Structure formats: C-alpha cells, structure tokens
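Okay, so here's the structure we're looking at.
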Amino acid sequence: MRTENSLKKKLSLGETVFGTWSALGSPPVMNCIAKSGMDFIITDMEHSTVSLETVEAQLYYTEIEDCTLIVRLGEVDELAILHALDLGAKAIMISHVSTKEDAIRVVNATKYMPEGDRGLSPFTRNHGYSDDNIREKMAYANTQIFVGILVEGEEGINNLEEICRTPGLDMVYLGIYDISQAVGEPGDVQHPKVKKVLKDCVDKINGEGLIAGSVARSPEYMKLLIDSGFRFVSYKNDTSVVYDSFMTARKMFDQQIIGSK
C-alpha cells in the first residue's frame with residue numbers, strides 16, 4: 001500500500017506535530033478528533049480495551065482525514081507489532097523500553113530485511129493484498145514506518161543515551177507521570193526535579209537526531225515542552241477531554257440555576 005506517512009514527512013521537514021491519545025476505542029469519535037486537524041492520534045492498547053479489530057476500523061476513520069494513527073502497545077511483543085503493521089498501521093509506539101536490547105527488538109520487528117526481521121505476508125492490507133512488486137513494497141514500507149518507544153522508568157532514563165543510538169528509531173516518548181514516580185514525586189509533573197529530568201532527557205534525545213515526545217495537560221505545560229525542545233506533543237486523551245468539557249458544562253448549568261433563583 002504505497003501511501004506516504006504524513007506524520008513522518010512533517011517531522012522530516014522540521015515541523016512540530018500535535019495530537020492526542022485515545023482510550024475510548026470508538027472509530028467515529030476518532031474520526032471527529034482527526035477532523036479537528038490533529039497530526040496524530042495514539043490508540044492505547046495498553047490502558048484500554050481496544051482490540052485489533054477496533055484498530056483496523058480506526059485506521060480507516062483517521063486516514064481519511066490525513067491523520068496518522070499510532071498504535072501503542074504495552075510491551076515489546078514481536079507478534080503484536082506484526083499484527084498492527086499488517087493491518088496497515090504506519091506508526092507504532094512501544095512501552096516499557098528500558099535497554100538498548102529492547103529498542104533493537106522493536107526496530108527488528110518493524111523493519112523488513114535487511115534492516116530488521118519483520119515477518120512477511122504479501123496478502124495483507126499493508127501490501128495491497130498482492131505479492132506484485134513485493135520487494136519494492138517492502139523497501140518502501142521500511143522508509144514509511146514511524147518507530148516510537150516510551151521510556152518511563154529509572155532504568156530507561158539511565159540507559160537513554162544507548163537507547164537513542166539504536167538505528168531505525170524515530171522517536172523517544174517520555175512518560176512524565178512515570179518519571180515523576182522515578183524521582184520520588186509521584187503525580188507532580190510540575191515539580192522542579194521532574195522538569196530537570198525532562199530537560200536532560202530531551203537534550204540527549206535531540207543530540208542523537210531523534211524526535212522527543214511527551215504529553216501536556218495544560219497550555220502552560222504544552223509551552224514548557226515546546227520550549228524544552230519537544231517536537232512531538234500530545235494533549236491529554238479523549239476520555240479526559242470529554243470529561244473536562246461536560247464537567248465545565250455542568251458547572252455552567254449549575255451557576256445559571258443558582259443565578260436564576
């Protein structure tokens with residue numbers, strides 16, 4: 001399936017990209033989010049009930065809006081990576097990468113030979129259900145897959161420089177809530193110790209020519225990330241945005257009721 005990965009192209013041109021996470025699993029909701037102009041949506045297969053069948057539908061609903069769906073998996077699982085990519089996903093993000101060996105396994109599972117050892121079935125959506133020109137399609141797929149990993153704990157932070165030197169990686173995403181726990185300030189992502197670790201990490205990631213990513217929960221934190229050198233910025237997730245919106249609406253309603261008495 002010879003279609004360009006718009007997310008990877010934007011980043012190659014030096015742009016900073018913006019998107020969100022999805023845990024609801026609803027393809028129509030995801031289409032609505034994509035329609036708003038998001039560069040990417042991360043479908044969370046670790047902290048939700050999203051299945052492969054759901055991911056397949058989500059791909060159709062996001063691609064039509066030129067939004068890149070990123071499949072987030074909870075561990076380095078070669079078979080799970082293969083399933084996601086065979087569906088036609090052009091971007092993955094793998095959690096709990098703590099060593100260079102973990103990162104190498106991720107790249108090997110996402111790239112065809114000679115860059116990796118990804119399994120081949122030509123009769124999938126990824127290859128247009130045909131083995132015509134298969135070697136050309138395999139080579140093209142290697143150029144289009146966006147490979148992201150999440151570094152979240154103390155071990156991963158300590159091994160960050162080695163991890164970033166893994167050929168084939170595109171992005172290192174920093175889990176700020178897990179980092180807050182690693183530095184002894186659980187949940188306090190505004191703590192100076194958390195911010196210092198973030199800045200040290202992003203400098204190492206950018207220094208190796210990779211993209212640094214993380215999540216913002218407010219406009220102020222979004223600015224902090226961008227000013228720190230992050231070029232992949234996500235904002236909350238669909239459940240939190242829906243909750244915040246309706247909670248605000250409820251407060252407005254309650255104020256109107258009280259004000260009318």
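Everything numeric here is computed off the predicted structure, so don't read it as measured data. Note that these values count all heavy atoms, side chains included, but never hydrogens, waters or copies made by symmetry.
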Restricting to pairs with a member in residues 204-221, which pass salt bridge (charged side-chain N to carboxylate O under 4.0 Å, His left out), not counting sequence neighbours?
Arg165-Glu208
Would you mind reporting whether Val29 and Ser22 have side-chain heavy atoms less than 4.5 Å apart?
no
To the nearest 0.5 Å, tell me how far Glu15 CD sits from Phe232 CZ.
14.0 Å
Mind checking what makes side-chain contact (heavy atoms from CB on, under 4.5 Å) contact with Phe253, not counting sequence neighbours?
Arg250, Ile257
So, Ser245 side chain and Val242 main chain: donor-acceptor pair closer than 3.5 Å or not?
no
State plainly whether one hydrophobic cluster holds both Tyr129 and Leu85, where clusters connect Ile, Leu, Val, Met, Phe, Trp and Tyr through side-chain heavy atoms under 4.5 angstrom apart.
no
State whether the side chain of Ser95 and the backbone N or O of Glu75 hold a donor-acceptor pair below 3.5 Å, judged by distance alone.
no
Scan for salt bridge (charged side-chain N to carboxylate O under 4.0 Å, His left out) pairs involving residues 104-123, sequence neighbours excluded, and state none if there are none.
Glu78-Arg105, Asp86-Arg118
Just by distance, do the side chain of Asp170 and the backbone of Lys8 share a donor-acceptor pair under 3.5 Å?
no
Considering non-hydrogen atoms only, spot the tightest contact between Cys201 and Ile157 and give its length.
SG-CG2, 4.0 Å
Out of curiosity, Ile33 CD1 to Leu24 CG, how far, rounded to the nearest 0.5 Å?
7.0 Å
Are Leu59 and Leu82 linked, directly or through intermediate hydrophobic residues, by side-chain heavy-atom contacts shorter than 4.5 Å (ILVMFWY only)?
no
Pro167 vs Val107 side-chain heavy atoms within contact, under 4.5 Å
no
I'd like to check Tyr61 versus Leu69 (side-chain heavy atoms, cut-off strictly below 4.5 Å). Are they in contact?
no
Would you list the atom pairs, donor with acceptor, under 3.5 Å between side chains in residues 142-150 and any protein atom, with sequence neighbours excluded?
| from | atom 1 | to | atom 2 | distance (Å) |
| --- | --- | --- | --- | --- |
| Asn142 | OD1 | Tyr112 | N | 2.8 |
| Asn142 | ND2 | Tyr112 | O | 3.1 |
| Thr143 | OG1 | Tyr140 | O | 2.6 |
| Gln144 | OE1 | Asn5 | N | 2.7 |

In Å, rounded to the nearest 0.5 Å, how long is the span from CD of Glu46 to CE of Met93?
11.5 Å
Mind checking side chain to side chain donor-acceptor pair (under 3.5 Å) for Asp77 and listing every partner two or more places apart, or none if nothing turns up?
none
How far apart are the closest heavy atoms of Thr20 and Ser234, and which atoms are they?
CA-CB, 4.3 Å
Residues in side-chain contact (heavy atoms from CB on, under 4.5 Å) with Thr54, at least two apart?
Val50, Ser51, Gln58
Using the side-chain contact (heavy atoms from CB on, under 4.5 Å) criterion, which residues pair with Phe18? Sequence neighbours excluded.
Met38, Asp39, Met222, Val233, Tyr235
Quick one: which residue pairs count as a side-chain hydrogen bond (donor to acceptor under 3.5 Å, both in side chains) with a foot in residues 145-164, not counting sequence neighbours?
His96-Glu152
Side chain to side chain donor-acceptor pair (under 3.5 Å) between Thr124 and Asn126: does it pass, once the steps are laid out?
CA-CA 5 Å; Thr124 59; Asn126 173 58; 4.6 Å; no
Hey, does the side chain of Lys137 reach the backbone of Asp131 with a donor-acceptor pair shorter than 3.5 angstrom?
no
For residues 172-188, which residue pairs pass the salt bridge (charged side-chain N to carboxylate O under 4.0 Å, His left out) check, not counting sequence neighbours?
Glu185-Lys193
Check: Leu169 and Ile163 side chains under 4.5 Å, non-hydrogen atoms:
yes
Non-hydrogen side-chain atoms of Asp44 and Asn237 separated by less than 4.5 Å:
no
Just jot down the side-chain contact (heavy atoms from CB on, under 4.5 Å) partners of Pro186, sequence neighbours excluded, or say none.
Gln181
So, taking the atom named OG in Ser6 and the one named NZ in Lys90, what distance separates them when rounded to the nearest 0.5 Å?
9.0 Å
Heavy atoms only: give me the nearest Leu210-Asn206 pair and the separation to one decimal.
O-OD1, 3.4 Å
I'd like to know if Ile42 and Leu52 are part of one continuous hydrophobic network [Ile/Leu/Val/Met/Phe/Trp/Tyr, side-chain heavy atoms within less than 4.5 Å].
yes
So which heavy atom on Ala212 is nearest to which on Val202, and how close?
CB-CG2, 3.3 Å
Are the side chains of Ile205 and Leu174 in touch, meaning some heavy atoms are under 4.5 Å apart?
yes
Checking Lys195 now: which residues fulfil side chain to side chain donor-acceptor pair (under 3.5 Å) with it, not counting sequence neighbours?
Gln190
To the nearest 0.5 Å, what is the distance between OG (Ser214) and CD1 (Ile179)?
6.5 Å
Mind telling me whether Trp21 and Tyr173 have parallel, tilted or perpendicular rings, with 30° and 60° as the class edges?
perpendicular
Under 3.5 Å, is there a donor-acceptor pair between the side chain of Arg231 and the main chain of Val17?
no
In the hydrophobic cluster built from side-chain contacts under 4.5 Å, what are the other members alongside Ile64?
none
